[in-house]
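Report on the following structure.
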2 protein chains.
Amino acid sequence: MLNERSLSFSHDCEDCPIRHRAVCARCDQAELERLEEIKYYRKFEAGQTVVWSGDRMDFVGSVVSGIATLTQTMEDGRTQMVGLLLPSDFVGRPGRDSAAYDVTATTDLVMCCFRKTPFENMMDQTPHIAQRLLEMTLDELDAAREWMLVLGRKTAREKIASLLSIIARRDASVATRAATHSIVFDLPLTREAMADYLGLTLETVSRQISALRKDGVIALEGKRHVTVPDMGRLLEEAGDDADGGVFA
Amino acid sequence: MLNERSLSFSHDCEDCPIRHRAVCARCDQAELERLEEIKYYRKFEAGQTVVWSGDRMDFVGSVVSGIATLTQTMEDGRTQMVGLLLPSDFVGRPGRDSAAYDVTATTDLVMCCFRKTPFENMMDQTPHIAQRLLEMTLDELDAAREWMLVLGRKTAREKIASLLSIIARRDASVATRAATHSIVFDLPLTREAMADYLGLTLETVSRQISALRKDGVIALEGKRHVTVPDMGRLLEEAGDDADGGVFA
DNA sequence: CGTATGTTTGATGAGTATCAATCTAGGTGG
DNA sequence: CCACCTAGATTGATACTCATCAAACATACG
């Protein structure tokens, strides 16, 4: 069923759901046409690996739908997630020929890929792409630094609240907010993936989620469906400035 | 005395010590001349703040000499270093008008600053600057992600060894290596700054440094001068692949 | 010589990892 | 259709790492 949905988008850049946010956001009509020539779509099922760290990588691309993760692994098996890729996020590094991280689909995933060499050539010729990529990379750097604070200084409870805040902020529909003042969303990650993101064990993740539930900060239906009755409260728990109680 | 040294570089881009590594690395003669018009130097003493997070920032720039840090602080005072700025590193974000982090000089510091608006205009017109900035930002993103693994998954001992490795790798003179097979350098950070970098307390940093000394992984003269007799051993302690024993 | 800043070392406790058992839901095959 | 199986999640008991609180030490500076 998810597969059906994945196929339901157009292959025409004009109608692309990430058209205005991805690396191609600033491209004009002519540039889009050049991109169309070097692009192709790839689909992955939940759990599949997109590339392994160290593998040769002859494409770069954008997440069209679904969620992927970037992870790093030590020899003894300890792993740390270093990036969470949402629709419109960019994968791969122009000028590098092998992957630096493991890239894994955590949900069914559709990617819009560009052959690397032609893409690199285009980057040199069309500033619109390089400009947008710079902007996106700077945003990712800010996100990574934000996450360094979480990893280095926050408690387990604060870490969970921080992760929930981030997901809530981007994932919750505006409609849901307006209606009930509650924010509702589905966790796109297993407890283990959350643990890898937060530098915790999955047991600690589970315990802290239970604790937040007991304390009324969140409500759960099943394992994945989360309701946040008071976003300000959640932000307080995350250790962020919760300022006004408004959901800004 | 350090001040004297700081002044001893030329103000001409041609002779600039970071000419080939900074954001201006790819600029041609004409572009350098345009940059000269909008650039100015600023000096800071060790301990001084360059900008506070949230402050208006009307310049961007490069570290010419000395070391600065980027730090984030929570309301209750917990702080996490999110970047270590070495000569040639870039400060500030084009397109943003306030600082996102506290920037502090940890040694005497000289910066080559560009007025922000003219610099942004130049970026739009000369791809060489934007290209180089993209490359540098991608490198910083990789470094930040590497650091996320350190913060999230490494033990205190491994964290210290990782930090020493990084400093050793960039700071040790080649001469020193060839001669004795030992690597020698000075720590540019206080124990407290190291703790803020590593997500530890300064006491833990002190203890782990003492432990590494007792175990012969490093030797110390005074508090800051470090000798690494066997770089491979240090890399093992850091939890990185130490492969061959060669100092590659 | 005295003060300030940075560092080391010690004693104790909190927070999280680890090991282990149990529970739940979804999917499979009899 | 039900029993079983599996992956994911929860909960419990215990151990260990690192934070916290506290005191002493070192070095530079006035």
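Spacing between atom CD of B:E221 and atom P of D:dT27 amounts to 13 Å, rounded to whole angstrom units.
The distance from the CG atom of A:L70 to the CE atom of A:M81 is 9.0 Å, given to the nearest 0.5 Å.
Side-chain contact check for B:P188 versus B:R224: every heavy-atom pair is 4.5 Å or farther apart.
A salt bridge between B:E203 and B:R207 is absent, with no side-chain N of the basic residue lying under 4.0 Å from a carboxylate O of the acidic one.
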Item checked: Per-nucleotide protein contact string for nucleotides 7-21 of chain C (B base, S sugar-phosphate only, - none; heavy atom under 4.0 Å) -> SBBBB----SSBBB-
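Ring pair B:W147/B:Y197 is tilted by interplanar angle, where 30° to 60° counts as tilted.
Paired with A:Q72 under the rule side-chain hydrogen bond (donor to acceptor under 3.5 Å, both in side chains), one option of B:R153, B:E146, B:R145 passes, and it is B:E146.
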